Amino acid sequence: DVVLTQTPVSLLISLGGQASISCRSSQSLVHSNGNTYLHWYLQKPGQSPQLLIYQVSNRFSGIPDRFSGSGSGTDFTLKISRVEPEDLGVYYCLQRTHNPPFTFGSGTKLEIK
Amino acid sequence: EVQLVESGGGLVQPGRSLKLSCVASGFTFSNYGMNWIRQAPGKGLEWVAYISSGSSYIYYAETVKGRFTISRDNAKNTLYLQMTSLRSEDTALYYCARGAYVMDAWGQGASVTVSS
């Protein structure tokens, strides 16, 4: 099974600052069709997860450009610039490249100073 | 507006069964693969099961294989999760989510508590 290792476990960022979250996979996430199905989600307190970034670097509808994704193969990064209060919550990466189980990272909790 | 509304959760004794439903609206349900994902109290997300748009492909997490059954009724725009032989470790908030390669819409979740 593919294991996604997310770091750090938690982040304390000042308003207006920048956050960076890493997601490393135990296997390459390049699908046989050439796509890389690595996505990022944010779960705000008391809410369902919401899609932020799909296929490494594509912002989902309505997601501000403060959020950006990058990476390839086994190493991926989510960056949040100009952190705002509504960015707090737990961030998860998810891989949908390899056959089940479809795996989530363990999560990174973002707190605002 | 895309909406997914789960129901059917509750308190159930170990070893018993429960069936969750997820009613979809705002999109053509029969065109999308669907998933169940769960979150134990205070824990992270765990993918549970997937069913393709026409029910041809069905996958389960090892933790529920043989005990849970995912199904759908495209005429009723409804996704199901039949859970049997429930264990305390199945206690979680169960979300349905739309999508095959990308889960782009999630419901609010149905709470399942397995306890005697």
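Quick caveat, the model's predicted, so the values are computed rather than measured. First the proteins, then the strands, lettered A, B, ... as listed; each starts at 1.
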Rounded to the nearest 0.5 Å, what separation is found between the [atom1] atom of [X] and the [atom2] atom of [Y]?
X         : Y         : atom1 : atom2 : result
Leu45(B)  : Tyr41(A)  : CG    : OH    : 9.5 Å
Arg96(A)  : Trp47(B)  : CZ    : CH2   : 7.5 Å
Phe102(A) : Met103(B) : CZ    : CE    : 8.0 Å
Glu6(B)   : Ser48(A)  : CD    : OG    : 7.0 Å
Glu46(B)  : Thr103(A) : CD    : OG1   : 11.0 Å
Asp104(B) : Phe60(A)  : CG    : CZ    : 4.5 Å

Heavy atoms only, distances under 4.5 angstrom: which of Ala100(B), Ala105(B), Ala97(B), Gly107(B) has the most pairs with chain A? Name it, please.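 It is Ala100(B).
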
Would you please indicate if the ring centroids of Tyr101(B) and His31(A) are separated by under 6.0 Å?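 Between His31(A) and Tyr101(B), which both carry aromatic rings, the centre distance is below 6.0 Å.
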
Check the hydrophobic clustering (I, L, V, M, F, W, Y; side-chain heavy atoms under 4.5 Å; chains of links allowed) and say if [X] and [Y] are grouped together.
X        : Y         : result
Leu4(B)  : Tyr50(B)  : no
Phe27(B) : Ile51(B)  : yes
Phe67(A) : Val83(A)  : yes
Trp36(B) : Val112(B) : yes
Phe76(A) : Ile80(A)  : yes

Ile37(B) portion near chain A, given a 4.5 angstrom heavy-atom threshold: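 Side chain only.
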
Quick one, Gln108(B) and Gln47(A) - any side-chain contact, counting heavy atoms below 4.5 Å?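 Heavy-atom side-chain distance check fails, nothing below 4.5 Å.
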
Check Gly44(B) against Tyr92(A) and note the closest heavy-atom contact, atom names and distance.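 Closest pair (atom of Gly44(B), atom of Tyr92(A), distance): CA-OH, 3.4 Å.
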
Mind running side-chain contact (heavy atoms from CB on, under 4.5 Å) on Leu51(A) and Trp106(B) for me, showing each step along the way? CA-CA 9 Å; Leu51(A) 178 64; Trp106(B) 296 57; 5.6 Å; no

Determine the option with the most heavy-atom pairs under 4.5 angstrom with chain B, choosing from Gly105(A), Ser61(A), Pro49(A), Pro101(A).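 Of Gly105(A), Ser61(A), Pro49(A), Pro101(A), Pro49(A) has the most heavy-atom pairs under 4.5 Å with chain B.
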
Is atom CZ of Arg24(A) surrounded by more than 12 heavy atoms (other residues, nucleotides or ligands) closer than 6.0 Å?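 No.
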
